Structures are given as structure tokens and as C-alpha cells.
Protein chains: 2
Amino acid sequence: MNKRSGIETKKRILEASMDVFSRKGYAAANIREIAKTAQISIGTIYIYFKNKEELYQNLIENKKKELTDRIVAMSPGKKSASEALKEFIRVHLEYAVRHREFILLHIREHGFSFGIEKKRAFFNQQIEIIERIIKNGIKSGEFRKSNSVDVARIIMATLRGIILTIALDNVNIKPEALSDFILCALLKKEYGKK
Amino acid sequence: MNKRSGIETKKRILEASMDVFSRKGYAAANIREIAKTAQISIGTIYIYFKNKEELYQNLIENKKKELTDRIVAMSPGKKSASEALKEFIRVHLEYAVRHREFILLHIREHGFSFGIEKKRAFFNQQIEIIERIIKNGIKSGEFRKSNSVDVARIIMATLRGIILTIALDNVNIKPEALSDFILCALLKKEYGKK
DNA sequence: GGTTCATATGAACAAGCGTTCAGGTATAGA
DNA sequence: TCTATACCTGAACGCTTGTTCATATGAACC
């Protein structure tokens with residue numbers, strides 16, 4: 001009934017979609033509920049998005065950009081390997097806390113017919129970043145020698161698990177607690193507890 | 001057409017269900033496809049299971065029992081804390097490799113209206129087991145002092161992440177590599193690489 | 001007022017879903 | 001051969017779904 005700007009309406013739809021998709025998953029989510037949540041009619045959704053799949057894709061793409069932008073923004077700088085790893089972990093965990101809904105949706109639809117390859121590529125990209133940090137740390141004598149590929153894989157999987165736990169159980173794990181734990185395993189000399 | 005024993009048919013249905021449910025998720029899975037996969041007719045499924053939900057529940061309950069039985073079977077014995085932790089990790093990872101489909105389904109339907117509480121209880125139970133191992137390790141002087149609750153949480157989350165990675169990407173992470181990494185962070189003295 | 005344009009509506013449609021049930025078929029014992 | 005029993009079938013039903021489209025509304029111009 002009320003007239004709104006197109007931009008405002010599109011935003012409403014995307015917000016409602018995130019709510020419904022993340023609670024129910026792609027298949028169980030339905031357009032009627034999204035419309036109701038956004039307080040618009042069914043038909044309006046189809047003005048802004050071709051169909052359910054395109055709406056979903058749009059949602060995913062929007063949110064993922066936020067994260068990748070933030071990670072790219074991490075200054076490689078002249079930090080120590082420990083500090084670089086700490087920052088990497090902090091950025092990921094902060095994002096997870098702030099975007100629980102998206103994480104839930106992402107995990108749930110891991111095997112969604114479209115976009116699996118993109119997800120895998122993103123994941124491998126993150127592993128490479130960690131690996132580079134570890135290699136630097138070993139070269140500078142900061143970290144003990146190890147198979148940097150294996151260790152990077154384990155660290156990324158660890159991060160994944162923590163993020164999963166944050167999203168599912170809504171618990172608050174301090175980034176420092178995780179960094180400390182991981183650094184204990186990496187550093188050459190005894191790692192001092194704070 | 002062919003006559004089969006009821007037990008054989010029920011088994012067929014459960015196997016086909018695992019296949020379809022884990023590939024598509026609960027909502028997108030449909031009875032017709034399960035029936036086709038099991039090479040039986042639609043109606044037959046309803047002879048053995050009241051409805052789709054009961055079929056799903058049955059599947060979950062069956063598979064979960066296998067894992068809990070195996071964990072309970074772990075002898076608490078007189079092992080060192082390191083060995084106990086290694087065994088704990090090994091049992092979980094071996095299960096994950098052997099039952100990828102179930103893990104995928106489990107993750108996907110984490111927030112399924114029924115059974116969330118049971119899942120959370122199982123998870124907390126596992127954390128308690130780890131915590132006990134860590135406490136023993138600290139008491140015996142094997143592990144350095146730490147907040148055993150926090151560390152147990154992190155280790156469980158790590159395990160979760162590794163299991164997720166195994167299930168999603170079908171990569172093979174050696175239990176020893178993970179144990180080594182975690183023990184590095186726990187042990188008092190320098191942990192020797194093999 | 002009249003016209004145009006972007007925006008919004010929800011009944012209607014076809015397709016797919018879970019579920020039922022009246023009936024069919026093979027086996028075993030009489 | 002007949003009967004009883006266990007097992008199986010798939011068309012049919014009612015409901016929900018994604019999607020369409022003829023129609024309506026309000027604002028901005030002349």
C-alpha cells in the first residue's frame with residue numbers, strides 16, 4: 001500500500017531473506033514467509049529478483065564481499081608472524097560474531113548445487129594466507145620448523161570449527177584464547193601465559 | 001515385484017535415505033527419490049516408517065548410537081593423558097572418515113526443529129571428556145597449567161572443524177598430525193617431531 | 001484534471017510434495 | 001487346490017510451493 005523507494009524495498013527483501021533462509025535453509029524457506037517478514041507482497045519480490053535462486057545468490061554474494069574486503073584490507077605490513085596470525089584470527093572471529101546468520105546459512109547450504117567451487121576456492125585462498133604467515137615465521141626463526149601446508153590446513157580447520165561453534169551455540173570464544181592456543185604449538189620458545 | 005524379507009527392505013530404505021538426505025538435506029529430499037534409490041515403491045516406505053520425519057529420526061538415532069558406543073568403549077585405563085587424548089581424537093576422526101554422509105547430514109540439519117538439545121548435550125559431553133583428560137594431564141605434571149575448560153572447548157571446536165573439513169572436502173587429515181599439533185600446545189616440555 | 005511512470009498487489013496456475021489405500025502378488029501350510 | 005499371511009504397489013488426494021500477470025496506487029510532470 002505505502003509507496004517506498006525501490007532501494008529501500010530491495011533492502012527489506014534482502015534482510016527478510018537472510019532471516020528466513022538462515023533459519024530454515026534454502027529448500028524449506030518459502031517466498032510467502034519472506035514477503036510477510038519484509039511486509040511486502042509476493043509479487044513485489046519478483047520485481048526485484050528473477051526468482052528464488054537469484055535472490056539467494058544475491059544474498060550470498062553481498063555478504064561474502066564484506067568478509068573478503070575486510071581480509072584484503074589486512075595490512076601485510078612489517079608485523080611479526082605471531083601478530084599477523086593473531087590479526088587473521090581476530091578478523092575471522094569478529095566477522096563470525098557479527099554475521100552469525102550468514103555463517104549458519106553458509107554451513108547449512110555447503111553442498112548447494114551452485115557455488116560449491118567458489119566456496120572451496122575461498123577456503124583454499126585462506127589456507128594459503130596462513131601458510132605464508134607460517135613460512136615467514138619459520139624463516140625468521142620465530143616459529144619452530146614444521147610442515148607448513150599441513151599446519152596451515154589444521155589451523156584453518158580449527159578456525160572453521162570455532163566459527164561453527166560460535167554460530168551454532170552462540171558462545172563467545174575470545175580470539176586471544178584461540179591465538180594463544182595456536183601460538184603455543186607454533187612458537188619456538190615457551191609461550192608465556194598472560 | 002520380488003519378494004524380500006522385511007528386514008532387508010527396511011535396511012534398503014535406511015541406506016537410500018542416508019544417500020538422499022545427506023545429498024539434498026531434509027527439506028529437499030523427497031520420498032519418491034528415496035523409493036527409487038531403494039528400488040521399492042513409495043507405499044512400501046510407509047509400511048516401515050510412519051512418515052518422512054520418523055524415517056529421518058530413525059536414521060539419525062541409528063548412526064549416532066554407533067559413535068557413542070565406540071566412545072564409551074574407549075578404555076579409560078591407565079594411559080597417559082597424551083595417549084588418552086590421541087585415542088579420543090583418533091576415534092572421532094576414524095568415525096568421520098567412515099561416515100562422511102552422516103556428518104554432512106548432521107551439520108546440514110544442525111538447527112532442525114527436533115533434536116537440537118540432544119546434539120548440544122552430546123557435544124557438551126565430549127567437552128567434559130576432554131576436560132577430564134586435560135585435568136589429569138596437568139595433575140600428573142604432563143601438561144602445562146591452563147584453563148582446562150577453555151582449552152577443552154577449543155580442542156572440541158578444533159575437532160569439529162577438522163571433521164567438517166574431512167566431510168566437506170573429502171581430504172584425509174592424519175589423526176597423528178592433529179594430535180601432534182594439539183599436544184604441542186599442551187605439553188610442558190618441547191614436543192618432539194617424529 | 002490528465003498522463004506517465006515506477007511501484008505494489010494477491011488471486012490464480014501448474015508442478016511437486018507427503019501421504020493414503022484399495023488392491024495385487026508371492027510364499028507357506030493345510 | 002485353497003486359504004492365510006506377509007509383503008508390495010502406484011494412482012489418487014489434498015496441500016504447499018514458486019511464479020505470473022492483470023490490475024491498482026501514488027507521485028511527478030504538464
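Chain identifiers are assigned alphabetically (A, B, ...) following the order of the sequence lines, protein sequences preceding nucleic acid strands; residue numbering begins at 1 within each chain. Everything numeric here is computed off the predicted structure, so don't read it as measured data.
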Spacing of Leu55(B) atom CG relative to dG18(C) atom P, expressed in whole Å: 11 Å

Residue-phosphate contact under 4.0 Å: Thr9(B) side-chain N/O, dC7(D) OP1/OP2: no

Could you state the atom-to-atom distance from CZ of Phe49(B) to C1' of dT19(C) in whole Å? 16 Å

Full working for salt bridge (charged side-chain N to carboxylate O under 4.0 Å, His left out) between Arg98(B) and Glu66(B): CA-CA 11 Å; Arg98(B) 228 194 294 277; Glu66(B) 280 182 43; over 6 Å; no

Distance in angstrom units between Ile45(B) CD1 and dC21(C) P, rounded: 17 Å

Could you tell me whether Ala28(B) contacts a base, only the sugar-phosphate backbone, or nothing, with contacts defined as non-hydrogen atoms closer than 4.0 Å? nothing

Do the side chains of Arg144(B) and Asp180(A) get close enough for a salt bridge, i.e. N-O under 4.0 angstrom? no

At less than 4.0 Å, is any side-chain N or O atom of Tyr46(B) found next to OP1 or OP2 of dT20(C)? Yes or no. no

In this structure, how many angstroms lie between the C1' atom of dA15(C) and the CG atom of Asn51(A), rounded? 15 Å

Whole-Å distance, Ile31(A) CD1 to dT16(D) C1', equals 13 Å

Rounding to an integer number of Å, can you tell me how far Ile47(B) CD1 sits from dT5(D) C1'? 13 Å

By the 4.0 Å heavy-atom rule, please label Ala35(A) as base, sugar-phosphate, or nothing. nothing

Looking at Arg32(A) and dG18(D), is any side-chain donor or acceptor paired with a base atom of the opposite kind under 3.5 Å? yes

Return no unless some side-chain N or O of Thr44(A) is found under 4.0 Å from OP1 or OP2 of dA8(C). no

Would you confirm whether Glu101(B), through its side chain, and Ser22(B), through its main-chain N or O, come within 3.5 Å as a donor-acceptor pair? no

Gln39(A) CD - dG10(C) P separation (whole Å): 13 Å

Side chain of Glu109(A), backbone of Tyr26(A): donor and acceptor closer than 3.5 Å? yes

Could you tell me whether Arg12(B) atom CZ has more than 12 heavy atoms of other residues or ligands within 6.0 Å of it? yes

Rounded interatomic separation in angstrom, taking CD from Glu8(B) and P from dC8(D): 9 Å

Check every strand shown and say whether Gly6(A) touches a base, only sugar-phosphate, or nothing at a heavy-atom separation below 4.0 Å. sugar-phosphate

Measure from the side chain of Tyr48(A), starting at C-beta and using heavy atoms only, and say which of dG18(C), dG18(D), dA8(C) lies closest. dA8(C)

